[in-house]
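Structure first, commentary second.
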Amino acid sequence: MSSDVTQPQVDSIYKPLPKVTGWRLFLKTVIARAYPRLIGQQREKSWMFFDIFLPMLAVSAYVFVYRAIQAPEDYVGFAVMGGAMTAFWLNVLWSMSSQLYWEKEQGNLALYIIAPNQMMAILLGMALGGMLATALRAVAIIFLGTILFNVTFVVSSFLQLLVVFMLSMTALYGMGMMMASLFLLLSREAWHLSNLAQEPIYLVSGFYFPIKSFPFWIAAGASIIPLTLGLDAMRQLIFASGPALGFVSVKLEVSVLLVLCVVFLVGAKLLLDYMEKLAIREGRLTESRR
Amino acid sequence: MSPLAIETRKLGRIYKIRGNKKEKNVRKELAALSDVGIQIEQGELFGLLGPNGAGKTTLIKILTTLLAPSTGEAFVAGYNVLNEPQHVRPRINMVSGGESSGYGLLTVRENLWMFSQFYGMPSREANQRIVDLLKLVGLGDRINTKSSDLSTGLRQKMNIVRGFMTDPEVLFLDEPTLGLDVGASRDVRHLIRGWLDDDKKRTLLLTTHYMVEAEELCDRVAIINQGRVLACDSPSVLKRRLQEDILFEIKTSPLNGLSAQAIEDLPEVHTASLTEMEDGALLKLALVEESALGPVINALTDKNITIMSLNKHEHSLEDVFVQLVGHSIAEAEKGSQDE
Ligand SMILES: Nc1ncnc2c1ncn2[C@@H]1O[C@H](COP(=O)(O)OP(=O)(O)O)[C@@H](O)[C@H]1O
Ligand SMILES: [Mg+2]
């Protein structure tokens with residue numbers, strides 16, 4: 001084993017390389033941390049089953065119910081859209097929020113903190129990677145659902161659709177980033193919380209039916225989850241009967257989403273700074289083996 | 001003159017330990033470091049030698065900006081680690097023994113590339129360097145292996161490449177050979193020395209609880225036990241300090257209740273330590289005069305203890321440790337496990 005180790009003689013191997021700082025470093029960090037998420041799904045093909053087949057099952061169940069009770073045909077499309085968005089929700093709930101905790105256990109967190117980058121860039125990279133990787137699943141679900149159940153889309157404005165989608169994603173993953181720091185602080189307790197939260201949120205966020213069916217205040221309360229309003233707005237923009245079944249106007253929903261984006265991203269940054277300070281003061285959050 | 005690479009002044013760290021569920025409000029305090037003052041020059045390979053729980057990792061965490069000191073100050077490359085981490089971080093890197101950093105589904109090269117980006121290295125050049133370094137450490141044929149498929153020894157070499165890769169001014173290695181077999185340990189030590197000697201501006205601080213490692217590898221060694229630095233000098237100077245004492249190792253039959261203290265109380269006996277062995281005991285003596293050996297042997301024979309062998313001993317760092325601490329590192333670790 002030792003025979004193939006040679007004394008360093010080649011000067012160039014260790015010659016210092018120029019390094020970027022500031023926003024370029026930020027960008028490099030985001031891309032580098034997104035990379036394992038993107039490459040990961042390519043190497044672990046098992047996600048296909050869990051992340052596409054299982055949501056498709058849920059979608060199918062709703063579709064059969066809607067067909068049986070002869071609900072308006074657009075409800076089928078609603079369920080397909082909901083199934084696609086579920087993929088993002090699960091990704092945030094299970095991969096984003098527990099991620100920093102996992103990184104701590106793995107020993108990565110300490111290395112991320114001592115590197116000259118910003119932790120915010122690490123979190124953004126995680127979010128971006130997760131989002132792009134999940135987008136593939138979402139597209140697959142929409143594609144399959146559309147073919148299987150004959151969904152007809154009537155897009156009123158592609159631009160608005162894009163804006164709503166981007167805002168929903170920013171707010172959703174902003175929330176995920178915030179939860180990541182929160183999980184790290186609360187560790188195990190938070191785990192139970194999100195376990196508890198998963199099912200009720202499916203229900204009140206209207207993944208499979210319009211939230212207009214709920215009393216106003218329940219729907220308004222559910223709007224704290226960015227996908228609730230995002231999904232409602234998107235449905236209004238892509239189905240013929242969407243606007244009639246919408247919760248409030250798309251304009252208002254976009255404004256609220258904008259506020260959520262700011263709140264969650266600022267919240268994520270503040271919590272992250274707090275987490276780092278606490279870690280350094282108490283010396284427990286970078287501890288990987290206890 | 002350039003500033004010291006590392007300096008600590010009266011550095012201390014106290015951990016507050018929460019009680020278990022029953023005594024939730026009981027708070028214990030543990031002084032992991034007390035009054036540590038060390039100065040490390042640029043270009044030094046400095047070793048922190050001490051048993052498990054001595055406070056080595058705590059000191060590394062403080063110096064790498066991961067942990068705040070409770071008292072005192074610490075400087076790395078001239079910057080205060082607590083107030084100026086933004087200046088310290090670009091200048092350092094850290095590798096810990098047995099760490100499982102990175103992502104198992106990425107290849108060795110991809111993992112290293114990812115970390116290079118966190119330091120702002122140009123992507124293409126970083127990749128080239130990673131390949132060169134991997135070849136240098138003998139991982140040339142594992143560049144595209146998933147890092148989860150590496151053995152402990154190879155993984156540690158990958159981690160060390162991660163440390164070298166970013167051109168740190170000061171590199172921290174926490175127990176770099178932990179859990180490695182003899183061959184891999186030797187390779188790693190070889191790499192460490194090679195990296196340091198390659199450029200006189202580099203400084204390296206490593207921790208270890210292996211005597212041999214400290215003695216062979218380090219320019220200077222601080223012996224640390226229970227959070228305190230007991231001695232700090234080059235291995236040869238540390239050993240020379242002992243030279244006045246004359247060392248003997250005596251293998252005996254079982255001890256029949258004779259204590260090290262009883263022997264130490266004999267005249268001209270500086271220190272005495274006893275280690276139980278399978279079929280008897282090992283008695284280590286530091287004597288002021290060779291003539292003190294007689295009474296010791298008498299004390300043994302009085303208790304019907306048979307002497308199986310007697311050796312005059314050459315000094316090692318182990319002896320320095322025993323003299324300072326009162327027992328060997330192995331014994332210290334046995335003790336801390338029993339707690
Ligand atoms: N985060 C922590 N909280 C409480 N006690 C700790 C913590 N980290 C280390 N300790 C204690 O501090 C002492 C020194 O630990 P450490 O610095 O890890 O020693 P070493 O690296 O020399 O083995 C030990 O007694 C250890 O149990
Ligand atoms: Mg340690």
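Just so it is clear: chains get the letters A, B, ... in the order the sequence lines come, proteins before strands, and each one is counted from 1.
Under the salt bridge (charged side-chain N to carboxylate O under 4.0 Å, His left out) criterion, B/Glu125 pairs with no residue, sequence neighbours left out. Applying the salt bridge (charged side-chain N to carboxylate O under 4.0 Å, His left out) criterion to A/Arg37, with sequence neighbours excluded, gives no partner residue.
Distance CG/A/Asn108 to CZ/B/Phe118: 8.5 Å, rounded to 0.5 Å. The distance from the CD atom of B/Gln86 to the OG1 atom of A/Thr21 is 12.5 Å, given to the nearest 0.5 Å. Between A/Leu17 atom CG and B/Gln128 atom CD the span is 10.5 Å, to the nearest 0.5 Å. Taken from OG in B/Ser116 to NZ in A/Lys19, the straight-line distance is 10.0 Å, to the nearest 0.5 Å.
Side-chain atoms of A/Ile280 and B/Leu66, non-hydrogen and from C-beta on, never get closer than 4.5 Å to each other. Side-chain contact between A/Arg281 and B/Leu67 is absent, with no heavy-atom pair separated by less than 4.5 Å. Contact of the A/Val20 side chain with the B/Tyr119 side chain is not registered, since no non-hydrogen atoms from C-beta on lie closer than 4.5 Å. Taking the side chain as every heavy atom from C-beta outward, A/Tyr35 and B/Glu110 approach each other to under 4.5 Å.
Neither the backbone nor the side chain of A/Arg24 comes within less than 4.5 Å of any heavy atom of chain B. For a residue to count as touching a neighbouring chain, one of its non-hydrogen atoms must lie under 4.5 Å from one of that chain's; by this rule B/Ser185 does not touch chain A. Using a 4.5 Å cut-off between heavy atoms, B/Arg91 does not touch chain A at all.
Residue with the most contacts toward chain A among B/Arg202, B/Lys16, B/Lys146: B/Arg202 (heavy-atom pairs, distance under 4.5 Å).
Within residues 117-144 of chain A, the residues having any heavy atom under 4.5 Å from a heavy atom of chain B are, by residue number, A/Asn117, A/Ile122.
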Validation: residues 26-34 of chain A side-chain donor-acceptor distances under 3.5 Å, sequence neighbours left out:
unit_1: A/Lys28; atom_1: NZ; unit_2: B/Gln117; atom_2: OE1; d: 3.1
unit_1: A/Lys28; atom_1: NZ; unit_2: B/Met121; atom_2: O; d: 3.0
unit_1: A/Thr29; atom_1: OG1; unit_2: A/Leu25; atom_2: O; d: 2.7
unit_1: A/Arg33; atom_1: NE; unit_2: A/Glu103; atom_2: OE2; d: 3.4
unit_1: A/Arg33; atom_1: NE; unit_2: B/Tyr103; atom_2: OH; d: 3.0
unit_1: A/Arg33; atom_1: NH2; unit_2: A/Glu103; atom_2: OE2; d: 2.8
unit_1: A/Arg33; atom_1: NH2; unit_2: B/Tyr103; atom_2: OH; d: 3.1

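The minimum heavy-atom distance linking A/Ile114 with B/Thr64 is given by the pair CG2-O, 3.1 Å. Of all heavy-atom pairs spanning A/Pro36 and B/Met114, the tightest one is CG-SD, 3.8 Å. Shown here for B/Met94 and A/Ala110, the closest heavy-atom pair between the two residues is CE-CB, 4.5 Å. Nearest heavy atoms, B/Pro122 versus A/Pro18: CD-O, 2.9 Å.
Summarising the local packing, CD of B/Glu73 is surrounded by more than 12 heavy atoms from other residues, nucleotides or ligands at distances under 6.0 Å.
Remark: side-chain polar atoms of A/Arg43 are paired, donor with acceptor, to backbone N or O of B/Leu105 under 3.5 angstrom.
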